[in-house]
Amino acid sequence: EVGQYYHVFNRGNRKQPIFYQQHDRQRFMDHFVDYANLHRVTTLAYTLMDNHFHFLVVLDELDALTKLFGKLSTSHAKFINKKYDLTGSLFQDRFQSKLIVEESHLLHLSRYIHRNILDLLGSTLSIRFFVPRRTKVLFLSGVHTKPSHWKEAPGLTGVDGRCHAY
């Protein structure tokens with residue numbers, strides 16, 4: 001639905017990696033940005049883990065999720081399989097998406113996406129943070145209006161569920 005917020009996610013088949021090197025992530029995000037611009041999807045938050053990803057997005061076009069993540073998943077799977085001489089499904093399944101229906105859920109999801117990678121800092125994994133080329137950074141407060149059916153989150157003053165391009 002146009003103007004709505006969605007949590008989009010997927011993981012590797014058998015929980016195996018979908019990104020092996022930084023270049024794999026960069027290529028994925030370059031394609032994501034191209035497809036998101038083409039299909040008018042605004043990104044509020046995302047994280048790319050070794051074996052899964054999360055995106056928090058707003059749709060400005062009907063069927064944008066299917067078009068964007070269908071193309072992205074197919075392109076990335078073909079690239080990884082060819083680059084690493086693999087066969088079969090890269091992803092466990094088709095991407096999943098959940099409509100965000102309450103402001104409190106939006107705030108929780110944003111925290112969850114950002115904490116996802118931070119929770120790994122104590123592990124033995126080598127974590128790199130990066131901002132992909134041609135990516136808009138968005139914050140809560142500005143451009144998109146929150147859906148009228150959202151309930152106000154108790155105790156969250158000044159948060160209006162809108163995002164602003166920085």
Side-chain angles (χ1 to χ4, degrees), residues 1-81 84 86 88-123 125 127-132 134-140 144 146-147 150 153 161 163:
E1 212 173 313
V2 173
Q4 300 296 312
Y5 296 81
Y6 287 87
H7 176 206
V8 182
F9 53 96
N10 206 348
R11 71 175 171 193
N13 197 19
R14 297 180 299 280
K15 299 181 182 179
Q16 293 179 337
I18 58 174
F19 305 108
Y20 293 88
Q21 299 176 351
Q22 183 62 19
H23 175 262
D24 302 340
R25 286 178 171 82
Q26 188 63 58
R27 184 187 180 282
F28 182 87
M29 285 308 299
D30 286 347
H31 284 216
F32 173 82
V33 170
D34 290 342
Y35 297 147
N37 288 335
L38 178 66
H39 297 296
R40 300 179 53 222
V41 173
T42 301
T43 307
L44 291 117
Y46 72 91
T47 190
L48 305 179
M49 305 299 284
D50 287 345
N51 71 343
H52 69 282
F53 63 76
H54 295 275
F55 286 87
L56 175 56
V57 298
V58 179
L59 307 185
D60 296 323
E61 176 182 293
L62 284 175
D63 300 323
L65 284 183
T66 301
K67 293 174 186 175
L68 171 96
F69 285 97
K71 288 178 185 177
L72 185 62
S73 298
T74 299
S75 169
H76 188 66
K78 286 180 179 180
F79 168 75
I80 293 293
N81 282 347
Y84 298 102
L86 302 173
S89 298
L90 177 65
F91 293 102
Q92 174 179 304
D93 205 350
R94 179 185 176 274
F95 71 90
Q96 302 293 307
S97 64
K98 303 287 184 188
L99 175 65
I100 308 302
V101 295
E102 293 186 14
E103 183 175 10
S104 60
H105 186 204
L106 173 72
L107 297 173
H108 170 76
L109 180 59
S110 178
R111 280 191 304 272
Y112 174 79
I113 288 172
H114 289 93
R115 292 281 317 170
N116 205 288
I117 198 161
L118 295 176
D119 287 343
L120 292 177
L121 289 176
S123 74
L125 295 176
I127 304 296
R128 283 197 220 169
F129 295 90
F130 72 100
V131 177
R134 300 174 290 144
T135 299
K136 292 180 185 174
V137 179
L138 300 168
F139 292 94
L140 293 173
H144 288 283
K146 97 177 152 184
W150 273 16
C163 62

Validation: residues 88-96 side-chain donor-acceptor distances under 3.5 Å, sequence neighbours left out:
from : atom 1 : to  : atom 2 : distance (Å)
Q92  : OE1    : R11 : NE     : 2.5
Q92  : OE1    : R11 : NH2    : 3.1
Q96  : NE2    : R94 : O      : 3.2

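For the atom pair CZ (F9) and NZ (K98), the distance works out to 5.0 Å, reported to the nearest 0.5 Å. N51 CG to N13 CG: the interatomic distance, rounded to the nearest 0.5 Å, is 11.5 Å. Note that CD of E102 and CG of L109 are 13.0 Å apart. Values are rounded to the nearest 0.5 Å. To the nearest 0.5 Å, atom CZ of residue R111 and atom NE2 of residue H108 are 7.0 Å apart. To the nearest 0.5 Å, atom CZ of residue R27 and atom CD of residue Q21 are 13.0 Å apart. Between the OG1 atom in T47 and the CG atom in L56 there is a gap of 12.5 Å [rounded to 0.5 Å].
Between F28 and H76, the two ring planes are perpendicular [angle over 60°; tilted spans 30° to 60°]. The aromatic rings of H54 and H7 sit parallel, their planes meeting at an angle under 30°, below the 60° perpendicular limit.
Proximity of a side-chain donor or acceptor of N81 to a complementary backbone N or O of K78 within less than 3.5 Å is not detected. Judged purely by atom type and a 3.5 angstrom limit, S110 has no side-chain atom pairing as donor or acceptor with the backbone of L106.
Here the closest non-hydrogen pair linking I18 and M49 is CG1-O, 4.5 Å. Of all heavy-atom pairs between A64 and V41, the closest is CB-CG2, 3.6 Å.
For F79 and H31, the distance between ring centers is not under 6.0 angstrom.
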Walk me through whether F53 and L72 qualify under side chain to side chain contact (heavy atoms under 4.5 Å, CB included). CA-CA 12 Å; F53 63 76; L72 185 62; 5.7 Å; no
Could you please spell out the steps behind the ring pair (Phe, Tyr, Trp, His ring centres under 6.0 Å) verdict for F32 and F55? CA-CA 11 Å; F32 173 82; F55 286 87; 4.3 Å; yes
Residue pair D50, K15: steps toward the salt bridge (Lys or Arg N to Asp or Glu O under 4.0 Å) verdict: CA-CA 9 Å; D50 287 345; K15 299 181 182 179; over 6 Å; no
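Residues satisfying the side-chain hydrogen bond (donor to acceptor under 3.5 Å, both in side chains) test with Y20, not counting sequence neighbours, are none. Qualifying side-chain hydrogen bond (donor to acceptor under 3.5 Å, both in side chains) partners for K71, counting only residues two or more places apart in sequence or in other chains: H39.
By the 4.5 Å heavy-atom criterion applied to side chains, I113 and L44 are not counted as neighbours. Counting heavy atoms from C-beta outward, V57 and L65 have side chains that approach closer than 4.5 Å. The closest side-chain heavy-atom distance from I80 to F19 is not below 4.5 Å. Between Y35 and S75, the closest side-chain pair of non-hydrogen atoms falls below 4.5 Å.
Between V2 and the choices V58, D63, L62, L59, the side-chain contact (heavy atoms from CB on, under 4.5 Å) rule is met once, by L62.
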